[in-house]
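Heavy-atom basis, side chains included; hydrogens, waters and symmetry copies ignored.
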Amino acid sequence: MTTIYFSSLNSEEIDLLESPFDPYESTDTPLFGKPKEIGHFSIDSERRIHFDRSQMKYLISPLKMKNIHLNLDANFSSDIFHEYVTLEKMYQTLHWLKHHQQILKTNLPKTSTKKSNIDFISVRGALALIMCTPYLSSSLHNQWEICATKFNGIIYFTAIDTDVDIAENKNASIRQMKYQSWGYKFEQYLTTDSIEGSPDLSSKTHQLEEFCVILKNVLNDHTLLYKAEIDAVIPHRQPTPGFGDTSCYTELKTSKNINTIIDEYNFNRYKALHWWAQSCLAGNLEIICGKRTNDGIVRSIDIYRVNNLPQHAQGMWSADVCLNFCNKFLNFLKRVVIEDDYNVVYKFSYKSGDMIYCTKLINPELRYRVIPQWYKENYG
């Protein structure tokens, strides 16, 4: 955990250094709301978007599973691998917004100068990444780039694939590809298309398919709208999907068996932190984890209560520090991202140090463009 400084350029292109974020001084308890589902969509095996629940899955209760032996390596060579592009997730959100324009046109008080009651539009992954930043300095994945654009009074921002990310994905080893594939396979074992149904283990395209919800939430004075992928619905849990409350959804994860003190430290210090950030943003109450061997065999399943994860960390990280840092970053965005133009992108870069840098890009290349032309034409 380290003190982090925010560096940007003002309109005269003079270096402007914001007040630093010191985790040790962040004692305030942030106001973080309960996420509310306001919409949903599905992504099919050809990566087409549908404004329905066709890809929603139901959880097969681990309590009903006996003599657990799940081979996460099954069909690895024949399953279609998902080539992950981070910016694509933001564009999915924009496709949904394009067809639900009324969400951004909620009536405001006559005295308000704002164009919308939403301050930021993003995706869960970007928000989780920001929340975890105070603890990234010693992590293996300790850098990120986030691009932001102000359009019609709202700041849109998302993480993008850095040059390092692109190189790592291009040169990924078979072992690294398996680690990614195993998470999808665990989901396939534990989910079904209908309540009391059976999993479809013959599908080769399950990595490509998604069910997502659009969430609205608040962090202190900031109103957020963001997209989150949902792994499964817990059958018969009330309220049911579509009623706003997201506690009916659950997160599915895998993690290697904890055999040593180092294994336990790494789990609590790194993995539990990211799991907590993802799940609290989605409003999940628990995480269902398949404990695997190094060869990808799951023989036991644990259930982690999301609210208990910070206590399990035993002081290695703090939920309040994460949320306070996210609040600080959002304040920084509001002060820096001021030009309301879809052709202008503010790129924020963090590289495992004590500084977040901002660069202003005008007419950037596509990999940095937060607002595509088709979305601008729909709202402009």
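Ring geometry for His99 versus Phe51: interplanar angle of 30 to 60°, hence tilted. Between Tyr179 and Trp182, the two ring planes are perpendicular [angle over 60°; tilted spans 30° to 60°]. Taking the six-membered ring where tryptophan is involved, the planes of Trp276 and Trp317 are tilted, since the angle between them lies from 30° to 60°. Classification of the Phe211-His40 ring pair by plane angle, with boundaries at 30° and 60°, yields tilted.
Within the 4.5 Å cutoff, the side chain of Asn331 has heavy atoms near those of the Asn327 side chain. Counting heavy atoms from C-beta on, the side chains of Lys347 and Lys360 never come closer than 4.5 Å. Looking at Thr223 and Asn117, their side chains never come closer than 4.5 Å, going by heavy atoms from C-beta outward. Side-chain atoms of Phe267 and Lys256, non-hydrogen and from C-beta on, never get closer than 4.5 Å to each other. Ile288 has its side chain within reach of Pro62: a pair of non-hydrogen atoms, C-beta onward, lies under 4.5 Å apart. In this structure the side chain of Leu224 reaches within 4.5 angstrom of the side chain of Leu330, judged on heavy atoms.
Between Thr149 and Tyr342, the shortest heavy-atom contact is CG2-CA, 3.7 Å.
Note that NZ of Lys351 is 6.5 Å distant from CD of Gln143, once rounded to the nearest 0.5 Å. Lys185 NZ to Arg292 CZ: the interatomic distance, rounded to the nearest 0.5 Å, is 15.5 Å. Here the OH atom belonging to Tyr368 is positioned 7.0 Å from the SG atom belonging to Cys147, to the nearest 0.5 angstrom. If you take CZ on Phe332 and CZ on Phe348, they are separated by 5.5 Å, rounding to the nearest 0.5 Å. Going from atom CG of Asn220 over to atom NZ of Lys328 covers 13.0 Å, rounded to the nearest 0.5 Å.
Comment: Glu209 does not engage Arg47 in a salt bridge, judged by the lack of any side-chain N to carboxylate O separation of less than 4.0 angstrom. A salt bridge links Asp245 with Lys34; the closest basic N to acidic carboxylate O contact falls under 4.0 Å. Under a 4.0 Å N-O distance rule, the pair Lys253/Glu251 qualifies as a salt bridge. A salt bridge between Asp341 and Lys150 is absent, with no side-chain N of the basic residue lying under 4.0 Å from a carboxylate O of the acidic one.
Taking the ring axis of Phe151 as reference, the NZ or CZ atom of Lys376 does not stay both within 45° of it and closer than 6.0 Å to the ring centre. The cationic atom of Lys178 (NZ for Lys, CZ for Arg) lies less than 6.0 Å from the six-membered ring centre of Phe76 and within 45° of the ring axis. At least one cation-pi condition fails for Lys98 and Phe41: the charged atom is not both under 6.0 angstrom from the six-membered ring centre and inside a 45 degree cone around its axis.
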What donor-acceptor contacts under 3.5 angstrom involve side-chain atoms of residues 231-244, with partners at least two apart or in another chain?
unit_1, atom_1, unit_2, atom_2, d
Asp231, OD2, Leu252, N, 2.9
Arg237, NH1, Ser247, O, 2.8
Arg237, NH1, Glu286, OE1, 3.4
Arg237, NH1, Glu286, OE2, 3.2
Arg237, NH2, Glu286, OE1, 3.1

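With hydrophobic clusters built from ILVMFWY side chains whose heavy atoms lie under 4.5 angstrom apart, Leu190 shares a cluster with Ile303. When the side chains of ILVMFWY residues are joined at heavy-atom separations under 4.5 Å, either directly or via intervening members, Ile118 and Tyr91 end up in a single hydrophobic cluster.
No option in Asp163, Thr162, Asp161 other than Asp163 meets the side chain to side chain donor-acceptor pair (under 3.5 Å) test with Arg367.
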